[in-house]
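Order of the sequence lines sets the chain letters (A, B, ...), proteins ahead of strands, with each chain counted from 1.
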Amino acid sequence: MSLTKRIDDLSSRRDIRSGWFGIITFFFLAFIILPTVYVLIYGITDFQNLSDTVLDDPETMSLIWGAVFTSFSLALLVTIIDLIVGVPMAWIMVRKEFRGKKLLDTLIDMPLAFPTAALGFSIGIFWGLPIDAPVPPGALGIIASPYILIMLLHIIFTYPYMVRSLSAILEQIDQSYEEAGMTLGASRMTAARTITLPLFRAGLITGFILCFARSLSETGGTFIALITIGQADKFFTGPTLIAWFKRSTLAPEEVEAILAVVSIILIVTAIIFLLIIKFVLGRINVPFDKVWPRWERVLSRGMVPKAKDAISFVWLFAIVIIPSFFIFAYLLVPSPAEMDWSGLINALSFSFMVAGVVTLADIVLGVPMGLYIARHRDKKLAQIIDSLVNIPLIVPTTALGFSLALFWTSQDLVTNITFLVIMAHIAFTYPLVVRNVAGAVMEVDPSYEEAARTLGAKPFATFRTVLLPIVRSAVLAGAILAFTRSLGETGATVAVSSEANTVPVYIVNLMNSGDYYLAAVSAMVLIMVSFVFMFALRYTIRRDGGGY
Amino acid sequence: MPRISLQKVTMRFGDIYAVRDIDLVIKDGEYLTILGPSGCGKTSLIKVISGLWTPSEGRVLIDGEDVTDVPIEDRQVGYVFQNIALFPHMKVAKNVSFGPRMQGKTTEEGKEIADRFLKLVNMLDRLNMFPGELSGGEQQKVAIARAMASGARLLLLDEPLSALDARVRMDLRYEIRRLVKELGITVIHVTHDQDEAMSVSDRIVVMRNGSIVESDSPMRLYRRPNNLFTAYFIGETNLLEGMVSDKDDRNILVKLRDGTDIKVGGNRHFNINDAIVLSVRPEYVYPAKEGLSAKVVQVIYMGSYWRVVTRAKSEDIVEYNIPKHHEPPAIGQELELVFNRKMSMVYRRPKEGISEAVRLE
């Protein structure tokens, strides 16, 4: 009897199915959720210790609060800017047909393919005033403020999330509503504002939360941009503070206490803040009723809409695309005579190994979970898991990494760095796979599976032969997203151990030791690798997407 | 051969009953239709029979054997879905051979079976097409072939035609009946379309609010429904309120609200002064010299006949038909109507009122 046949037969038994689901749930709760929030438990049990070493030290505390405040104000500002420039761009992508739309579509996703570590470097040398990194020709070098520099950086990698979530919702909103409004005498702008925008709320919340969480979480790019302009030890966000302390020469116990405090503050405030956003944005009632027919008519015609579209394009190129690609200008900088490639090769192979194992684990454990969430939406347990899955997406990855390492090492359970890095990466990539799969399965009519069952297919055979082929592209998309995110992640890795040698960490180390040229080359290699995967992703989705 | 019997089957979701205390026996080779308005529990009932759902209470027996706990895949029932549910990523041939393959047959055997059943539904030439390339009617034919190819002796049709165009729907329903009778398969067909139920079934089960109202052959249900709801739901009928004013051993006399007396055959179980509802189908209402006074409010051309809508003096709306080559009455014209005594049915007037008793949802 073949293996699949044996699994098919086993899957027919209810106790086996429950047992398998029990294992998946246990893994999720014990190895993902618990380690992610473990630092909160630690904060309660070791409160005395934290209080003595950190909380009572006004100097450290003001540093911490300052960094956390910077993080939140930055995330909020970045998200609002994204929203303002994102709405017109989403409109162009969904409601307009023009030549080169496919290209534009690719360009908008471009920042997703850039590992943030590479972006940070590129932004630092393009906008900033580097202290001693060689500057390729063409750099602007006009931004001295680290705050504005980091803001420009964060706008780049959050921009696609905002445009994507907004256009996803816009696509669902039938244009005939707007057209009906126009036949009733509303100008284009009035119709869009009073009819389509209020229907937008769901996309707004998703986009807002995605951008906000991503900005709050980002470590590698921010840290590298700050190193480039020589501010890494003066200007901090929450995550870079963790990265910085992790490398400091203070006593380990003291570092641990400080990092615990930063992580707790970040996790708690992030969760509270996102709950507030969800609550406020879901309920806020903007007075949409008032209409200014004359002004809105003027704004709907002539130059105004054209200017709005033009600004959207200029923004995309000047703020997002050109600064991102600027790192390739390093090819024009003369290279040093001697180059040591071995470090990069080691880091690359380590990164690939981690990302590969992580993706595999995500698929094996995440696909059944996504399936369960989608097919049992009426059950309490599924709803609870559905909300819990989002936690690792919201928690800043640096805090997550630290918490996770603390969990595993606290009882001397495991201290192997490779294992810890893999577990940390699974924690924040797992939701990507689960979300993708759950979303896709919800779209599939359950009668396909029911039909297969009535035709004699066992539960696992049904999954294998009917459901999986239908949602294959979503599984692949989730897997590739997880792979690239793992490949580009700095924060979680650094927080686990400053010795874990992934490519982004290797780049940070090179920057710190002033090895800018090699750092730039490594960043370019990382970008190219991510590009390959990103294009593979777009290819699979496009091929399957329009499908049947 | 399958003989299905349901014993006290109840399907409950929390406090809501989808079906309640259903007892039903389906004979071998019978074409049974479950007819009812949407939301009456008919789909829930066949989901329970198929095994897709496990009943909250009660048992399902196939050939005398309790299958309540037998998983779906081992029940050997064919299920045809309203939304067709052909696997979109498999070609027609692969869809049809899915069942045989799942039962461990070789690819060649599967292919052979698929060919045989596709030939039965005249779809052999669509073998290498994807479901998306077929029309709705063709897709449903393939879906039926797929359900039968799994070797099922019991076919469950869950509103199989409701997603199709009117013309295709008509053709396909006779084709299905021809096919299953040829193969001697037992069929349970769920529908809300009474024309469909009338024209294909050996027996119709009328359902409402999760319970069976009554079941009988199409002809009996149309001519002699036991229940006011059935009379209203199957075919068209005029409902007039009144009370029994007199009776002898062959007829009863019904007094309508304006005082007109109507003589109705049979119905000896009513007593004088019982509040009743009189049901007469339009084809059994005729204009005459003397009868119930009514005024024409609307005349509708139906193609093969004229439909005349009148408001009777008794405040009831009464409709009747006249042949297409006759001159229809003018709107506003006053006339007298009589009813076919044998084809008039009398029901006890429901406490909740007529409109509530025949409400569809």
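- Between chain A and the options B:Ala85, B:Pro71, B:Ser150, heavy-atom pairs under 4.5 Å are most frequent for B:Ala85.
- Crowding of B:Arg178 atom CZ: a count of heavy atoms from other residues, nucleotides or ligands under 6.0 Å exceeding 12.
- The neighbour count for A:Lys380 NZ, taken as heavy atoms of other residues, nucleotides or ligands under 6.0 Å away, does not exceed 12.
- Sparse packing is recorded around CZ of A:Phe26, with 12 or fewer heavy atoms of other residues, nucleotides or ligands lying under 6.0 Å away.
- Between B:Phe87 and A:Tyr448, the shortest heavy-atom distance links the atoms CE2-O, 3.1 Å.
- Atom CG of B:Asn95 and atom CG of A:Leu455 lie 9.0 Å apart (nearest 0.5 Å).
- Of the inter-residue distances, the one linking B:Met90 atom CE with A:Ile470 atom CD1 reads 8.0 Å to the nearest 0.5 angstrom.
- Summarising the local packing, CZ of B:Arg20 is surrounded by 12 or fewer heavy atoms from other residues, nucleotides or ligands at distances under 6.0 Å.
- Here A:Thr454 contributes atom OG1 and B:Arg146 contributes atom CZ; the two are 7.0 Å apart, rounded to the nearest 0.5 Å.
- Only the backbone of B:Leu86 comes within contact range of chain A, with at least one heavy atom under 4.5 Å from a heavy atom of that chain.
- Taken from CD1 in B:Ile72 to OG1 in A:Thr462, the straight-line distance is 8.0 Å, to the nearest 0.5 Å.
- Looking at every heavy atom in both residues, B:Glu73 comes nearest to A:Ala457 through CB-O, 3.3 Å.
- One finds the CD atom of A:Glu450 at 6.5 Å from the OH atom of B:Tyr79 (value rounded to the nearest 0.5 Å).
- Residue B:Met102 holds its CE atom at 4.0 Å from OG1 of A:Thr465, rounded to the nearest 0.5 Å.
- Each ring pair (Phe, Tyr, Trp, His ring centres under 6.0 Å) pair with one or both residues in residues 121-147 of chain B, not counting sequence neighbours, would appear here, but there are none.
- By the 6.0 Å contact criterion, NZ on B:Lys47 is enclosed, its count of non-hydrogen atoms from other residues, nucleotides or ligands being greater than 12.
- The choice from A:Glu449, A:Lys458, A:Arg14 that makes the most heavy-atom pairs within less than 4.5 Å of chain B is A:Lys458.
- Taking 4.5 Å as the limit, some side-chain heavy atom of A:Val466 sits within range of a side-chain heavy atom of B:Phe98.
- Along residues 111-123 of chain B, no residue comes nearer than 4.5 angstrom to chain A, judged on non-hydrogen atoms.
- Residue B:Arg101: no heavy atom, backbone or side chain, is found under 4.5 Å from chain A.
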